[in-house]
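Model, not experiment: these values are computed from the prediction. A note on names: the letters A, B, ... follow the listed sequences, proteins ahead of strands, and every chain is numbered from 1.
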Amino acid sequence: MNKLNVKEIDEKWQNFWLKEKIIFKNTKKNKKFYCLEMFPYPSGKIHMGHVRNYAIGDVLARYKSMNGFNVLHPMGWDSFGMPAENAARENNLDPKDWTKKNITTMKKQLQSLGLSIDWDLEISTCDEEYYKHQQELFIDFYEKGLILKKETYVNWDPVDKTVLANEQVIDGKGWRSNAVVERKKLSQWFFNISKFSNELLDDLKLLDEWPEKVKLMQKNWIGKSIGCQIDFEIDKNNKIKIFTTRPDTIFGATFLALSVDHPMCKEFEKQKDFIEFKKRSSQVGTTEEAIANAEKIGFKTGLNAKHPFIKNKTIPIYFANFILMDYGTGAIFGCPAHDQRDFDFATKYNLEIIQVVQSEEFRENKKLKKAYTGDGKIINSEFLNNLNIEDAKEKIIQEIERKKIGKKKISFRLKDWGISRQRYWGCPIPMIYLKDGKVVPVDRSELPIKLPENVDLNSKGNPLANHPTWKKTKYKKTGESATRETDTLDTFVDSSWYFIRFCSPRLKDKPFDKKAFSYWMPVDQYIGGVEHAILHLLYSRFFMRAIKLNDTDIKVKEPFKGLFTQGMVCHETYKNEKGEWLSPEQMSKIDKSKVVVGPAEAMSKSKKNVVDPESMIKIYGADAIRWFMLSDSPPDRDIQWSNEGVAAAHKFIQRVWALNCRILERKNILSSEEEEKTFLVNINKYLFKITNLIEKFSLNVAIANVYESIRFLEENLAKSVSNQHFLNAQINIMKAMMPFTPHLSWECLSRLEGKDFYTKIEWPKIEKTLLIDDKVTIVVQIDGKKRGLISTNRDSLEKEVIDAAKKIENITKNLKDKKIMKNIFVKNKIINFITK
RNA sequence: GCCCUCGUGGUGAAAUGGUAGACACAAAGGACUUAAAAUCCUUGCCCGCAAGGGAGUGCCAGUUCGAGUCUGGCCGAGGGCACCA
């Protein structure tokens, strides 16, 4: 009996799958399954996170394929983005070449995992063949009014002359230039995602195969709140529109606060002290926490507004740094007694505080220490008095609408999606600027608008804008000269429709083929990390709706029917005496007493706790890596990588191989009906469990049952079971292992069935008749405590069970001095004697 | 600050309200071996040689014949949002 050469079988079967593509040869067209894992960014090498993501997906794809589904399991590359630009700059390369090289390496690495991916469908977002269609979609959306240009504030790096993403701003400085980042107003392109706010929120209900957590995160992100707008009059010609969700507290309003970006500002922009105040307002830290905890400051305008419900009462108007212009109307009324921010502000500027809500725990009190935001009854509010908050809200809105000074209004936290990036390595925005200032889309016949080659990435500012000729063009309709948009698209745009492109990836003239689309979409199971719970998934949902708006034949609303978010891959962290991070490799080479072992954390280069998948595959083979990755923790939880764990997985694979050899060498045994039956029942039960557990995504438990089934087979080698049944059992278990360890399974199966290859392997059939065991184990309890076990025939009656239970020595002993008051009997499960 | 999730052996974990710790890692002891590796077996907190018994799923209460599982409160860890009016 030889040891299995895992390297050999890895290569053998990987080549076979690539050539034969039999996993995708399915005849049953009516059962489709679109299995998709989030495509990777080609950063250079695959990491363990990829391995986990794609191992989970592959289990599902193979499992579904074996169950007769026509499976779509493609892979592509999210290949535009900053790292390519940075790497290119550092190494004096073309981003395209750098990206291509990485794709080649990573593709080979993914293939070495034995994934059942149809590489004929491979796409890469930086290919003209891909982004051409994206530009077409952009024009579609533009024509439907889903794209707009707006002025917004951006993080501006004055040295690099570029816009920075929030995460590129570190301590208020540019990550590369280290220059103090400025707030600059810039005209940028936006997708009008907020148009769908309500729909995107409501349709979360349709996503019953999504994790609740992700739906909740999206719900909070969209942030619907119901409130109302109210006009506050300054004088006959001027009024201020405010937004509030607490109109019930209007009698507690003691000031108005406006955003420093509010249109009212214009009247103050000549005043020195206002300019200074505005400057101070924008000088808060960059972290969100810093913003939230920043001191509340205000600028007194000297103006007063009339209180809409209290005669002759006026309240002062302030500009305040804590009011956001892009939420509500950019103005609020301050009710210090019932809003902590307003309370802080009022305390600082000595403004009146009027309590209008009272509860048991929060009686009316002249000296409030903090705002009260809880439930209660309305006080000090004329016609609202004694109402609860909900009723008061309703009544005051009615009153406001009757007086025509405002109306009920729903506000969303979700803002439009800014898609302009002042970068080179992205999809060019297919718009041009005409001489008269008009902005128009390029003619569709001119697509794709290709990125120029040989750009200078080292000069400051946007490389496309700096290019000597690229932006110069002509407007096809009139022939007049025009200038190209030099911004490129956010890479989230690329990934917002790639799953659609996979349905017809080679189609030349259109983004997708409708027939292929309606067959494959939606994605049945999408798998990826939680880090994309909001943006990527929300943007994709938006795209689906935008495409639907453009083409009424499209019936699919939600792109991803099922979503699964896998956990991260963690590893222990190590530090030496100096407190420097050590890699697992370094750590194994030095004196262990000098190493401080830290808790397991997500693998990251900065903590040096990464393990390279490629080297692991070389040592243990693809199956062992896949097996361990899935065996140790539920797939949605973090997993702790351990080399002992993979080594054990490898040992197990050898054990299965050894078992396979022993079965092939097994001498036929005269079978006994009873032993054979028990054998078949057990094998069938394992298959049944494994099937259900895969369906439930409990892959770790499925694997635990494979372990048990293999041990069961080992222990039964000498039992009176015919060779034919034994062989059959092993064939079925190997099939059940196939999604996890495809190389081992194919190798074992080809030996067991004496064939070199297979046309198609089907999932083992579960014999329903064998699932019901004749014997059951019943727990015997006295007063709820377990005192023994009995084995009885299935469906034994209460009396029989009681008689049998009372024959157990331990039960007799324990019942001796007690009187049984009653019995609790649950068929096939439990008998509980209650004594007193 | 608001919202959500999770607390089970040395570790990762399992358990439709019904045998807590399946399965695996690590550790200790043992078997085989001249020895080691490999492999296999046993143990797992307390009492007991054992049979068996006791405690036991973050803490405190409750519902139930019976709670890791359900309910309420507390403590702890992780995640999301964060001046959103």
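Between B:A14 and A:N700, a contact under 4.0 Å exists linking OP1 or OP2 to a side-chain N or O. Within the structure, every side-chain polar atom (N or O) of A:R787 is placed at least 4.0 Å from both OP1 and OP2 of B:G52. OP1 or OP2 of B:G53 has at least one side-chain nitrogen or oxygen of A:N810 nearer than 4.0 Å. Residue A:R655 places none of its side-chain N or O atoms closer than 4.0 Å to OP1 or OP2 of B:A38. At B:G12, none of the side-chain N or O atoms of A:S633 fall inside 4.0 Å of OP1 or OP2 (strictly under the cut-off). In terms of phosphate contacts, A:Y707 brings no side-chain nitrogen or oxygen within less than 4.0 Å of OP1 or OP2 of B:A24. Look at A:R711 and you won't find any side-chain N or O under 4.0 angstrom from OP1 or OP2 of B:C40. Of the side-chain N and O atoms in A:S225, one or more sit less than 4.0 angstrom from OP1 or OP2 of B:A85. One finds a side-chain N or O of A:K785 lying less than 4.0 angstrom from the OP1 or OP2 phosphate oxygen of B:A55. The shortest distance between the side-chain N/O atoms of A:R637 and the OP1/OP2 oxygens of B:A13 is below 4.0 Å.
Separating the CG atom of A:L789 from the P atom of B:G18 is a distance of 16 Å, rounded to the nearest angstrom. Per the geometry, CD1 belonging to A:I710 stands 12 Å off P belonging to B:A24, to the nearest Å. We find that CG of A:L256 is positioned 12 Å from C1' of B:A85, with the value rounded to whole Å. If you measure from atom CZ of A:F712 to atom P of B:C23, you get 14 Å, rounded to the nearest angstrom. Taking atom CD1 on A:I830 and atom C1' on B:A20, their separation rounds to 13 Å, with Å as the unit. Atom CH2 in A:W627 sits about 14 Å away from atom P in B:C23, given to the nearest Å. We find that CG of A:D632 is positioned 14 Å from C1' of B:A22, with the value rounded to whole Å. Put simply, NZ on A:K213 is 12 Å from P on B:C81, counting in whole angstrom units.
Using a 4.0 Å cut-off between a side-chain N of Lys or Arg and a carboxylate O of Asp or Glu, A:R655 and A:E714 qualify as a salt bridge. Taking 4.0 Å as the cut-off between side-chain N and carboxylate O, A:K150 and A:D416 count as a salt-bridged pair. Ion pairing of A:E708 with A:R711 is absent here, as no side-chain N (NZ or NE/NH1/NH2) approaches a carboxylate O to less than 4.0 Å.
In the set B:C65, B:A24, B:A85, B:A85 carries the atom at the smallest distance from any side-chain atom of A:L324. Minimum atom distance to the side chain of A:W221 is reached by B:A82, of the listed B:C83, B:C25, B:A82. Here B:A14 is the nucleotide among B:A14, B:A85, B:U11 with the atom lying nearest to any side-chain atom of A:P634. Nearest nucleotide to the side chain of A:M217, out of B:C65, B:G80, B:U19: B:G80. Taking every side-chain heavy atom of A:N321 into account, B:C83 is the closest of B:G18, B:C23, B:C83. Looking at the side chain of A:I834, the nearest of the listed nucleotides B:G53, B:C65, B:C81 is B:C65. For A:V701, whose side chain is taken as the heavy atoms from C-beta onward, the closest listed nucleotide among B:C23, B:A14, B:G18 is B:A14.
A:Q340 comes within contact range of no nucleotide atom at all, as no heavy-atom separation falls under 4.0 Å. Heavy atoms of A:K415 sit under 4.0 angstrom from at least one base atom. Nucleic acid contact class of A:T245 (heavy atoms, under 4.0 Å, all strands): sugar-phosphate only. A:L216 comes within 4.0 angstrom of the backbone, heavy atoms only, and of no base. Using a 4.0 Å heavy-atom criterion, one finds that A:I323 contacts the bases of the nucleic acid, with or without backbone contacts as well.
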- request: Give the intermediate values and the outcome of side-chain contact (heavy atoms from CB on, under 4.5 Å) for residues A:V646 and A:W641.
  value: CA-CA 8 Å; A:V646 204; A:W641 181 269; 3.2 Å; yes
message: Would A:E295 and A:N321 count as a side-chain contact (heavy atoms from CB on, under 4.5 Å) here? Give the steps.
response: CA-CA 9 Å; A:E295 193 194 359; A:N321 64 338; 5.9 Å; no
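Searching all strands for a Watson-Crick or G-U wobble partner of B:A85 with both distances below 3.5 Å returns nothing. As the counterpart of B:A51, no nucleotide is assigned, since no Watson-Crick or G-U wobble pattern has both distances under 3.5 Å. Of all nucleotides present, none satisfies the Watson-Crick or G-U wobble test against B:U34 with each distance under 3.5 Å. Summarising the base pairing, B:U71 is matched to B:A61 through a Watson-Crick or G-U wobble pair whose two defining distances lie under 3.5 Å. Judged by Watson-Crick or G-U wobble contacts below 3.5 Å, the nucleotide B:A20 has no partner. Pairing partner, B:A27: B:U43, with both Watson-Crick or wobble hydrogen-bond distances short of 3.5 Å. If you check B:A77 for Watson-Crick or wobble pairing at under 3.5 angstrom, you find it paired to B:U5.
Annotated as syn: B:G9, whose glycosidic dihedral is within 90° of 0.
Nucleotides B:U11 and B:A27, compared at atom P, are 15 Å apart to the nearest Å. Distance noted for atom P between B:A22 and B:A31: 25 Å (whole Å). B:G68 and B:A15 are spaced 15 Å apart, taking the P atom of each and rounding to whole Å. Taking atom P in both B:G9 and B:A14, one finds a spacing of 13 Å when rounded to whole Å. Annotation: B:U71 and B:A26 have their P atoms spaced 38 Å apart (nearest Å). If you take atom C1' in B:A13 and the same atom in B:C23, they sit 8 Å apart, rounded to whole Å. To the nearest whole angstrom, the two C1' atoms, one in B:G21 and one in B:C45, are 13 Å apart. B:U39 and B:C6: their C1' atoms are spaced 39 Å apart (whole Å).
Within 3.5 Å, a donor on the side chain of A:K296 pairs with an acceptor on the base of B:C83, or the reverse.
Between A:I824 and A:V779, the one whose closest nucleotide on RNA chain B sits nearer the 5' end is A:V779. Each of A:R413 and A:D339 lies near RNA chain B, and the nucleotide nearest A:R413 is the one positioned closer to the 5' end.
Proximity of A:F232 to A:I317: side-chain heavy atoms (C-beta onward) are nowhere separated by under 4.5 Å. Within the 4.5 Å cutoff, no side-chain heavy atoms of A:F412 are placed close to those of A:S194.
Of the candidates A:W657, A:W627, A:F740, A:F652 forms a ring-ring contact (aromatic ring centres under 6.0 Å, His included) with just one, namely A:W627.
Note: A:F319 and A:F277 fail the aromatic proximity criterion, with ring centroids not under 6.0 Å apart.
Here the CZ atom belonging to A:F833 is positioned 11.5 Å from the CD1 atom belonging to A:I824, to the nearest 0.5 angstrom.
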